[in-house]
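Working notes, structure below.
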Protein chains: 2
Amino acid sequence: MLKQETLSKNQQIVLDYIEKVNEPIKAYSILHNVQKKGIKAPLQVYRALDKLVEIGKIHKIESRNAFVACKNSNCQISKATAFSICESCEEVSEISDSKLSKYLKNFQDKAGMKFNKYNLEFFGLCKKCSIK
Amino acid sequence: MLKQETLSKNQQIVLDYIEKVNEPIKAYSILHNVQKKGIKAPLQVYRALDKLVEIGKIHKIESRNAFVACKNSNCQISKATAFSICESCEEVSEISDSKLSKYLKNFQDKAGMKFNKYNLEFFGLCKKCSIK
DNA sequence: TGTTAATTGTTATAATATAACATTGTGTAA
DNA sequence: TTACACAATGTTATATTATAACAATTAACA
């Protein structure tokens, strides 16, 4: 079988919703919002999420257990992700900085470990919240 | 009240156990292992974990929902953490690399966000597992 | 010693995620 | 076109991770 090029029904439903909301969203919130499309069980959502993460269409924000659509063209396989997270309003943005990604891709662990993936999460206050 | 200098009873029990096992461990696993010390409920563990993370004695490995004792003297407040995680054997090591931490501390987001914390997780194969 | 905040103990429950198994769909090659 | 392999689905149940709410106790210190 060739590599999958089209998404399955459930995968497409979940991706459409995540892209529509355009901010990190939790699995059960997705579930509530796609039930009208026929998705009834958590597992249906989690399976779609797993696949979408695997192919790089979405990312998981680990510290928040939330999922967000990928906006970078250069992280196709979810192997190099970086986010900024506002600890006040919880706004999350994907960081697209080629110097940063280059630096991290080339990072060499002292223990000689071979990396194929990383995830970086920065925390702080976004512009709006730092004014308040 | 002055800043806390000594740990409370439950905090100390939990920390002692995490330091003893010397690898990432999950909250409920901690619970099972400290019940003989009188800790009976998940909340008692989670409250201790929260405090220990807050004061930098331990870190949370977000992608694994696990906790590990801090081995760096220079990340006292858990504000700058980096780990390498073997996807095969799940071995986790804290990365202590002053160049890396300097680079990340000074990283400037294009959106002008002010960071006070970051967490970085690298994934790959450790030496042992890459031989297999 | 009285006050305040931190910590504890306890029960219940919320939120996140996976196991297991039967069934259906889809691409590919015989 | 049929048979095979694998991906995806549907479904029920359950495992795992984490917090809410409230009462009681302990510790620091003005």
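No hydrogens, no waters, no symmetry mates; every other heavy atom, side chains included, goes into these values. Below, chain A is the first sequence line, B the second, and so on; all start at residue 1.
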Compare the minimum distances between each of [options] and the side chain of [X], then state the nucleotide with the smallest one.
X: Asn65(B); options: dT16(C), dA18(D), dA8(D); answer: dA18(D)
X: Lys9(A); options: dT19(D), dT10(C), dG10(D); answer: dG10(D)
X: Leu43(B); options: dT18(C), dC22(D), dT19(D); answer: dT19(D)
X: Pro42(A); options: dA17(C), dT7(C), dT11(D); answer: dA17(C)

Considering only heavy atoms, which members of residues 20-32 of chain B lie under 4.0 Å from some atom of DNA chain D? Lys26(B), Tyr28(B)
Does the Glu54(B) side chain pair with the main chain of Lys51(B), one donor and one acceptor, at a distance under 3.5 Å?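 No, because the side chain of Glu54(B) does not come within donor-acceptor range (under 3.5 Å) of the backbone of Lys51(B).
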Roughly what angle, to 10°, lies between the helix axis at the start of the helix from dT1(C)-dA30(D) to dA30(C)-dT1(D) and the one at its end, five pairs per end?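 Nearest ten degrees gives 30° for this helix.
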Show which side-chain atoms of residues 38-49 of chain B pair as donor or acceptor with protein atoms under 3.5 Å away, not counting sequence neighbours.
| unit_1 | atom_1 | unit_2 | atom_2 | d |
| --- | --- | --- | --- | --- |
| Gln44(B) | OE1 | Lys40(B) | N | 2.7 |
| Gln44(B) | OE1 | Ala41(B) | N | 2.8 |

Can you sort out the partners of Asp97(B) under side chain to side chain contact (heavy atoms under 4.5 Å, CB included), two or more places apart, ordered by chain and number? Phe107(A), Lys110(A), Ile95(B), Lys99(B), Leu100(B)
Identify, with sequence neighbours excluded, every residue that meets side chain to side chain contact (heavy atoms under 4.5 Å, CB included) alongside Arg64(B).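 Counting only residues at least two positions away or on another chain, Arg64(B) forms a side chain to side chain contact (heavy atoms under 4.5 Å, CB included) with Ile61(B), Ala66(B), Ile85(B), Glu87(B), Glu90(B), Phe123(B).
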Pairwise ring-ring contact (aromatic ring centres under 6.0 Å, His included) hits with a residue in residues 80-99 of chain B, at least two apart: His59(B)-Phe83(B)
Residues that Tyr103(B) engages under ring pair (Phe, Tyr, Trp, His ring centres under 6.0 Å), provided they are two or more places apart: Tyr103(A)
Transitive ILVMFWY cluster of Leu125(B) at side-chain heavy atoms under 4.5 Å: who else is in it? none
The side chain to side chain donor-acceptor pair (under 3.5 Å) partners of Asn33(A) (sequence neighbours excluded) come to Tyr17(A)
